[in-house]
Amino acid sequence: MKIENKFPTKDISDEDIKTKFPLVAKKNASHKSKFVIANVEFGGDLIPVFAGPNMVESEKLILDCAKNVKSSGAHFLRGGAFKPLTFPYRSEKYTETKEEGIKWLLKAKKEVGIPIITEVMEEKYLELVSEVTDIIQIGSRNMQNFPFLTACAKTQKPIMLKRHYGSSLRDWLGAAEYLLVEGNQKVILCERGVSVPHTHRATSRFLLDLQVVPAAQEITHLPIVVDPSHATFWRPWVAPMALASIAAGSDGIMLEVHPDPKNSAVDPLQPIDFKEFNVLVKKMDNIAKSIGKRHVLK
Ligand code: PEP
Ligand code: MN
């Protein structure tokens, strides 16, 4: 049987590439987007690292994280002041810090000198967040909230689009096209684990889809970041999967890092601590250098 599709991914046809996501699609085999955000280059030899807690819990925590992850080589501080939490009930510790958290992120950015990425979930907070953040994070759960994607893209701020855990590559690239069609050029994709029946641990809901890195890179010129923290949901597996992500050709890594992982307000099973992060960054840099001319540390 003759296979017409020159691309091996099973759900994307040549016609899709031409008509469904022409802006996201590569123009030729070597086409790769290169852009700079807060002096950090994406799509080149550097593999930027985004690190920080799940939630911006307090001013002290975010300042502490900013200093520590920066000194170990992180390029961006991550952390959510607005959080998509699975259940509506809140303890005091578990409460989103919202506007106050955004202020603390700004303080960390200014005092420590590290750019930030943070999630926004609702259009009503878009102006507030986009004034402060260097990159808008669109979380998995909002990946196909199309009016929201358009509103985020219109700010013309750089955007990270996390993959929904139930989404095909075709749907993910379609969502990214909603951002590019508004003239927004600085779009980063982020794989964060997919929902499958077999996840190896009772605690984890997701499986890291590392194959999507080369699969997406076959089709799109956009950089692909991997977040092994949300995918594995299990601290001992974060480092091996981060190293594997570098080996797979990931264009960036997002990691949850917390000074006291067991006491993280959200998802305490997944963050690594400052020491583990420091060691991991060096190992990621070694892997990157050993397989090509890329690097993690400047
Ligand atoms: C996060 O990065 O904090 C987050 C909530 O991720 P995701 O949207 O991938 O679940
Ligand atoms: Mn999280």
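Just so you know, ligand 1 is whichever comes first in the structure, and atom 1 is the first atom listed for that ligand. Below, all heavy atoms of this structure are taken into account, side chains as well, without hydrogens, waters or symmetry copies. Keep in mind it's a predicted model, so treat the numbers as computed, not measured.
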In chain order, what residues pass the side chain to side chain contact (heavy atoms under 4.5 Å, CB included) check against Ala66, with sequence neighbours excluded? Leu77, Ala108, Val112, Ile114

Any nitrogen or oxygen of [X] lying under 3.5 Å from a nitrogen or oxygen in ligand 1? Just yes or no.
X: Glu119; value: no
X: Arg78; value: yes
X: Arg141; value: yes

Below 4.0 angstrom from a heavy atom of [X], which ligand 1 atoms are there? Numbered from 1 as shown, please.
X: Arg192; answer: 7 (P), 9 (O), 10 (O)
X: Lys83; answer: 1 (C), 3 (O), 5 (C)
X: Gly139; answer: 8 (O)

With a cut-off of 3.5 Å and sequence neighbours excluded, list every side-chain donor-acceptor pair involving residues 149-159.
{"residue": "Thr150", "atom": "OG1", "partner": "Phe146", "partner atom": "O", "Å": "3.1"}
{"residue": "Thr155", "atom": "OG1", "partner": "Cys152", "partner atom": "O", "Å": "2.6"}
{"residue": "Thr155", "atom": "OG1", "partner": "Lys157", "partner atom": "N", "Å": "3.2"}
{"residue": "Gln156", "atom": "NE2", "partner": "Glu182", "partner atom": "O", "Å": "2.9"}
{"residue": "Lys157", "atom": "NZ", "partner": "Ser130", "partner atom": "O", "Å": "3.1"}
{"residue": "Lys157", "atom": "NZ", "partner": "Thr133", "partner atom": "O", "Å": "2.7"}

Can the ring centres of Tyr165 and Phe233 be said to be less than 6.0 Å apart? no

State, to 0.1 Å, how close Arg192 and Arg163 come at their nearest heavy-atom pair, and which atoms those are. CD-O, 3.1 Å

Quick one: does Glu100's side chain get under 4.5 Å of Val56's, heavy atoms only? no

